[in-house]
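Here is the structure we will look at.
Proteins come first, then strands; the chains are lettered A, B, ... in the order of their sequence lines, and each starts at number 1.
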Protein chains: 2
Amino acid sequence: MADRRARVGIVDVAARAGVSVGTASKALNGRGQLREETRARVRSAAYELGFIPSAVAASLLTGRTYTVGLIMTDHHGRFSLPILHGAEDALGWDEALAFVCDTRDDPIREQHYVRSLMRRRVDGIIVAGRRTEPRPPLSGAPRVPVVYAFARSADPADCSVVVDEEAGAVLAVEHLVRTGRRHIAHVTGPHGHASARARVDGTARALRMAGLELLGDPWYGGWSEVWGRFAAAALVRAHPEVDAVFCGSDAIGRGVADGLRECGRRVPDDVALVGVDNWQPTAEGCRPPLTSVDLNLQQVGRTAGTLLLEAIQHGGVATGIHTVPCRLVVRASSAPLSG
Amino acid sequence: MADRRARVGIVDVAARAGVSVGTASKALNGRGQLREETRARVRSAAYELGFIPSAVAASLLTGRTYTVGLIMTDHHGRFSLPILHGAEDALGWDEALAFVCDTRDDPIREQHYVRSLMRRRVDGIIVAGRRTEPRPPLSGAPRVPVVYAFARSADPADCSVVVDEEAGAVLAVEHLVRTGRRHIAHVTGPHGHASARARVDGTARALRMAGLELLGDPWYGGWSEVWGRFAAAALVRAHPEVDAVFCGSDAIGRGVADGLRECGRRVPDDVALVGVDNWQPTAEGCRPPLTSVDLNLQQVGRTAGTLLLEAIQHGGVATGIHTVPCRLVVRASSAPLSG
DNA sequence: CTGAAAGCGCTAACAG
DNA sequence: CTGTTAGCGCTTTCAG
């Protein structure tokens, strides 16, 4: 172990071990047929010199860089960071490293980043979306595999990994039904969002399967707490018999919880609540802590990483729309009706 | 504009333009003395072939990769993402790209990542901390410049960019005093956290300068809403005259707001509130929206990026502890006392 | 079992 | 003004 003056290259290692560079290379990479004694000698020479092989040089030769680009569009990282973690898992922290590029939702920036990534010869690109609406495919049709995560590409020929949001809603509603709720309402985000519509559909499906009906119409609004509070008040007025609310997001859920409390309804005794996102700060800050549908974003990232890796290895192109299921995380807001 | 079969290299461009590779290189990089007509011919050949120069090959030659490593330790990215953005700004999205490595607070992972980054020959490394306690320097003493952001290195010889948290507290308290508050309490996180202690010190200093005293002792606890709610109730009981609370975090601030409301105190009419972090979801979800001390993390990242760049260009090592000031973001929770 | 030599894609002298 | 040549640091045939 040492840190010498300049950069130590494989030639230095070879010299110190008294072998040729070719031999040194083989010894270090476990390739070829070498006497074990030679291997050991090279290895210790490398160690003593603090030799760190250059991935740059290796890439030039092999054509693979063992790097991928991760394009994110949500600067707060609520969606893209879990995706990054999953991708890191799949890529293996020993293998590939990820260039993370935050486009800040600007197509120009995105285009620049793609060019930058191509110049760096990344082996592939993961595009992490911020909403679930299909997004335009990367412009410039990069010559490497691309996998879209969370927000699928508008081009069905592309490879996308998405969350089954409708099934997530089903999970939530089935849970409410199973715990004894019968008068279930749904407060969610803007009608213009695919996520909101998918959850409405899932809710309807689950209720139908249980032989129930939604209490009134879905309450479309925003994704915010303010909307949740407002909706809760209106909801109680319109349907006093409500005994559960499936909320389109944790923020809404929190707002609804506060709103209900202020109307004199107890959660979960009078009304059970389930949210979506399972976002720690919100779900656990809620009073009481909020049962929530986890979007499994890390799994989305892991799947995306795995698909990308396969595409890279098979020299092919990734294709198809892959779906990841949601997961229900039960907390106090949906305790069974003890009645 | 085209996408041909394999990879098009500069030899292909040169061939198509009817010049040698050397000339093509010069034309494309604006180096050397060339007839404008030749330059143009090469450029259009490159364009028609969809030529994307290989940064890998260039790096091998020049020794610089125009990439940096960004090591983050907080998987939720609340601290490291703003730092990343700032760093991106400083590095220039056209210039350098960042490998983002999430160590998940595991020293082993960190060590592996550092090795990975060194093998990729990054030009420098930024280490984004998660807490403000000094952290052990990167092991293995990388041969490239390293800048620590947010959490400074325990080795004072290293280069660190930190937030002046004490000054941030002064900002908050001065604001409260200026808006007419006189009975100011302080609810904050664990005594074991340097951040909590720095804010306590800043609070004391600002009050002293205003000729005031803290109302009772600082309330050390956790960073959570739960703690804020609890503390608010206890505080009102212990010091009914309280007319302002400086909270060590936005989460605490939110808890205090709820707690106070439930004790029958109005915010800001009876009690003004200021938090720290200026974390959108919490600060704006608060009722009323919470005035907060912004830690200027993006600026921390920008400074770190700039210092790193300088160190890289001057081939030297970055040094010194650099401090970034906080910024107060005023919202409804601290409206002036209209009394 | 080990060494020598070619070359990955590009740039930078130096010739012409 | 343009072409030729020699590598950057490494892996990999192919001889020895």
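Nucleic acid contact class of A:Thr38 (heavy atoms, under 4.0 Å, all strands): sugar-phosphate only. Using a 4.0 Å heavy-atom cutoff across all strands shown, B:Ser54 reaches sugar-phosphate atoms only and no base atom. Counting any heavy atom pair closer than 4.0 Å across all strands shown, A:Gly9 reaches sugar-phosphate atoms only and no base atom.
Toward the 5′ end of DNA chain C lies the nearest nucleotide of B:Ile52, the other residue of the pair B:Lys26 and B:Ile52 mapping further downstream. Both B:Val19 and A:Asn29 sit near DNA chain D, but only B:Val19 has its closest nucleotide nearer the 5' end. Mapped onto DNA chain D by nearest heavy atom, A:Ile10 and B:Gln33 fall at different nucleotides, with B:Gln33 at the one closer to the 5' end. Residue whose closest nucleotide on DNA chain C sits further toward the 5' end, between B:Val56 and A:Leu34: A:Leu34.
Residue-environment remark: CZ (B:Arg78) exceeds the threshold of 12 foreign heavy atoms within 6.0 Å.
Looking at A:Val144 and A:Met118, their side chains come closer than 4.5 Å, going by heavy atoms from C-beta outward. Residues B:Val162 and B:Val324 are not in side-chain contact: their nearest non-hydrogen atoms beyond the backbone lie 4.5 Å or more apart. Put simply, the side chain of A:Asp158 does not reach to within 4.5 Å of the side chain of A:Val146, judged on heavy atoms. With a 4.5 Å cut-off on side-chain heavy atoms, A:Val147 and A:Ser160 do not count as touching.
Between the side chain of A:Thr306 and the backbone N or O of A:Arg302 there is at least one donor-acceptor pair closer than 3.5 Å.
Mapping heavy-atom proximity under 4.0 Å, the span of DNA chain D touched by chain B runs 5' to 3' from D:dC1 to D:dG9. Boundaries of the chain A contact region on DNA chain C are C:dC1 to C:dG9, first to last in 5' to 3' order (nucleotide atom under 4.0 Å from a heavy atom).
For the pairing with B:Arg43, the salt bridge (Lys or Arg N to Asp or Glu O under 4.0 Å) check across B:Glu37, B:Glu48, B:Glu36 returns one residue only, B:Glu36.
A cation-pi arrangement is present between B:Arg64 and B:Tyr66 under the rule of less than 6.0 angstrom and at most 45 degrees off the ring axis.
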